[in-house]
Number of protein chains: 2
Amino acid sequence: MNKPVTIYDIAKKLNLAPSTISRGLKRHSSVSHRTQERIIKTAEEMGYRANTFAINLRNRKTSTIGIIVPKLNSYFMSQVIAGIEGVVNNAGYTLLISQSLEDVSKEIINVQTMFDNRVAGLLVSLAENTKETSHFNRIQKQGIPVLFFDRTPMGNDLPAITINNESAGYKVTKHLIEQGAKRIVHITGNQLSNVYRERLAGYRRALQEFKLPFDTQNVLINDLSEQAGIDAAHSIIKLMADGVFVANDHCAASCMHELKHSGKKIPEDIVIAGFNNDMISRIVDPALTTVDYPGFQMGELAAKNLLAHIAERIDINLTSNIILKTPLLIRASSVRKI
Amino acid sequence: MNKPVTIYDIAKKLNLAPSTISRGLKRHSSVSHRTQERIIKTAEEMGYRANTFAINLRNRKTSTIGIIVPKLNSYFMSQVIAGIEGVVNNAGYTLLISQSLEDVSKEIINVQTMFDNRVAGLLVSLAENTKETSHFNRIQKQGIPVLFFDRTPMGNDLPAITINNESAGYKVTKHLIEQGAKRIVHITGNQLSNVYRERLAGYRRALQEFKLPFDTQNVLINDLSEQAGIDAAHSIIKLMADGVFVANDHCAASCMHELKHSGKKIPEDIVIAGFNNDMISRIVDPALTTVDYPGFQMGELAAKNLLAHIAERIDINLTSNIILKTPLLIRASSVRKI
DNA sequence: TTGTACGCGTTATCAC
DNA sequence: GTGATAACGCGTACAA
């Protein structure tokens, strides 16, 4: 339970002034080489570690990056976060993490906590019921860059890293139609969220292009969970659909599983596609057609971008959005042998 | 880019002393009710937020919990972390996260970073090549509780939350034997890690009990990745095995997938079991027999325990280890209809 | 090249 | 009930 060593302790031991220690530790040129060595050596011997708070307080800034996501326990998010951590840690920053649990009110508190900790930058994926983003104003006004990813705010032009959800949804649906599907059910999530809204828009556009009727009955909105996939399977059978486009692989896989158990043949009776290219999409049988959504890369890119803005002190709000490519991965679940 | 508001700003505006503001803000009884209200009201109006560093510096302690894990991008870990975040955040703590990427040298650096940030407590799952834990000594000597989970140190009696890996491995293997398997391959990870070593020990004990020969050829050590599962499948076929026990579901699912594609019938030709009860184990076909390893609960439990120790200032090293129950979930991949 | 003195924002202690 | 002051550990302008 010994107290942490400070530069004062080192100063006393070496009969030097604390300021000299401070400078010597960071090899400031004004300190003689010999004393530098002496200082660094004894600092190590004494087990000195700089007090981050004192430094942050003094410098009025931190090397902490904050991150707020809707849910931590998802494979996709864990990929994104791993990507972020790698970049951020490499640059000497630390990571403060919190989840909103899909609730704006908690998101607001989280933003305040991030502000209290004076993060150098903030990476955010919005809760599904977040309608507007005024709770980020205060932190942005302090000059702290905020970068959104995946679930981004609609309507305004805040900097964000996204994919083209509309286009991806279009490509999936078009593909299913080309495989002969006439009645395609779309399973998706909360429509307040840009990602699900846009995927639905892409779905509609494809139907329209191929002159297939759009029927609200065919759009199933739920929480995209494993259970939701099972429930949806029964609706799909009742609706006599011959195609399914699910907004995530997790739910798609469980839906397909249930369809098979209900006697449907995939892809003969029903073609199906998911979204994300989660590991599970490769392992289910038949392999699931899906959209490659590279979470790890998105995390890396977001982190790099944020750090660049912090380092160069450029106003992040001047950046145009970055859109990642998301190729359609066609697999057995949607391919009908002619 | 306006500077953050401090208690001095509020003091000036209200013609009070900073110390009074400080007290008023936390509703100290020595401040009159009227001034309390005035202070809190104007603080809100001015958008005051306390500076965490100043507080931490002054109080010589933080409300930050550190967490170091081998890899962030795994479904299991994301579950654990979600559990931790919930508890920790609820208690008013923040979460500092880093990953060792399975490398001790980075783990050591991470521990130092955690120390630099004077975390109030540390939750750790060790890198696979961590042989000893002296790098935690310094932080423990400062009275900062360190609690290990999942991948815990061997040999010493540091406080930890684990499962009984040996017993779980035994139960799985015994079950496979009871289903008629005579030649069981065990696919597992780095043997420096307690979890994999113990699961192997359980596997051996079961073989011994049923008088089946133990053959090192039948133990495949790899990184338990998707690709490793595919490679292992081919070895399994060469080895003419009729049972497989894989140390995680991820790898087990891909292995089973490959076995099926190579013409093997599951469970008729080969019975197979995984570990973790990941979502994927429920969705593959046939459903995968596995061990229920409740990550979310483990995270919650670890966090609660750590916080209790911080709050009550009891030396965590006096605690006995906590062992979670891990029921065997028998599913179609291992059940032979007689 | 090194030392002195002050400030970063907060709180505990003592005085009034 | 409120104010002045010192201290938490560090960095830096200025002095020596």
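Naming convention: chains lettered A, B, ... in sequence-line order (proteins, then strands); numbering from 1 in each chain.
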Atom pair distance, as rounded to whole Å: [atom1] in [X] and [atom2] in [N]:
{"X": "A/Arg60", "N": "D/dT12", "atom1": "CZ", "atom2": "C1'", "answer": "14 Å"}
{"X": "A/Ile39", "N": "C/dT1", "atom1": "CD1", "atom2": "C1'", "answer": "11 Å"}
{"X": "A/Lys12", "N": "D/dG9", "atom1": "NZ", "atom2": "P", "answer": "12 Å"}
{"X": "A/Asp116", "N": "C/dT10", "atom1": "CG", "atom2": "P", "answer": "10 Å"}
{"X": "B/Tyr8", "N": "C/dT10", "atom1": "OH", "atom2": "C1'", "answer": "7 Å"}
{"X": "B/Asn117", "N": "D/dC10", "atom1": "CG", "atom2": "P", "answer": "14 Å"}
{"X": "B/Phe115", "N": "D/dG9", "atom1": "CZ", "atom2": "P", "answer": "11 Å"}
{"X": "B/Ile10", "N": "D/dG3", "atom1": "CD1", "atom2": "P", "answer": "14 Å"}

Checking all strands, does [X] fall into the base, sugar-phosphate, or nothing category for heavy-atom contacts under 4.0 angstrom?
{"X": "B/Ser30", "result": "base"}
{"X": "B/Ser22", "result": "base"}
{"X": "A/Asp9", "result": "nothing"}

I'd like to know if [X] and [Y] make a salt bridge, using a cut-off of under 4.0 Å between side-chain N and carboxylate O.
{"X": "B/Arg49", "Y": "B/Glu44", "result": "no"}
{"X": "A/Lys106", "Y": "B/Glu85", "result": "yes"}
{"X": "B/Glu37", "Y": "B/Arg27", "result": "yes"}

Review point. Near DNA chain C, which residues from residues 50-59 of chain A have a heavy atom under 4.0 Å away?
Key: A/Leu57, A/Arg58
Point to revise | Test item: side-chain donor near acceptor, A/Thr62 and A/Asn56, under 3.5 Å | key: no
Check your understanding: Strictly by modelled atom types, are B/Asn73 and A/Ser78 linked by a side-chain donor-acceptor pair under 3.5 Å?
Key ->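 No, no side-chain donor-acceptor pair sits under 3.5 Å.
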Exercise for review: Assess whether side chain to side chain donor-acceptor pair (under 3.5 Å) is satisfied between A/Thr152 and A/Asn194, documenting all intermediate values.
Suggested key: CA-CA 7 Å; A/Thr152 60; A/Asn194 65 314; 3.0 Å; yes
So, is [X] near the phosphate of [N], with a side-chain N or O under 4.0 Å from OP1 or OP2?
{"X": "A/Thr35", "N": "C/dT2", "result": "yes"}
{"X": "A/Thr20", "N": "C/dT1", "result": "no"}
{"X": "A/Lys61", "N": "C/dC8", "result": "no"}

Check your understanding: Atom CG of A/Leu95 and atom CD1 of A/Ile65: how far apart are they, to the nearest 0.5 Å?
Key ->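 A/Leu95 atom CG to A/Ile65 atom CD1 measures 8.0 Å (nearest 0.5 Å).
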Using the 3.5 Å cut-off, write out each protein N or O paired with an N or O of nucleotides 13-16 of chain D and the distance between them.
{"unit_1": "D/dA13", "atom_1": "N6", "unit_2": "A/Arg23", "atom_2": "NH1", "d": "3.3"}

Revision key, fill the gap. Per nearest nucleotide of DNA chain D, the residue lying toward the 5' end, A/Lys26 or B/Ala17, is B/Ala17
List the atom pairs, donor and acceptor, that lie under 3.5 Å between side-chain atoms in residues 13-24 of chain A and the rest of the protein, sequence neighbours left out.
{"unit_1": "A/Ser19", "atom_1": "OG", "unit_2": "A/Arg23", "atom_2": "NH2", "d": "3.3"}

Review point. Distance-only, no hydrogens or angles: does the A/Ser125 side chain make a donor-acceptor pair with backbone N or O of A/Phe149 under 3.5 Å?
Key: yes
Practice item. Output, in order, the C-alpha distance, side-chain angles, deciding distance and verdict of side-chain contact (heavy atoms from CB on, under 4.5 Å) for B/Met77 and B/Leu72. Key: CA-CA 6 Å; B/Met77 242 355 140; B/Leu72 247 12; 5.6 Å; no
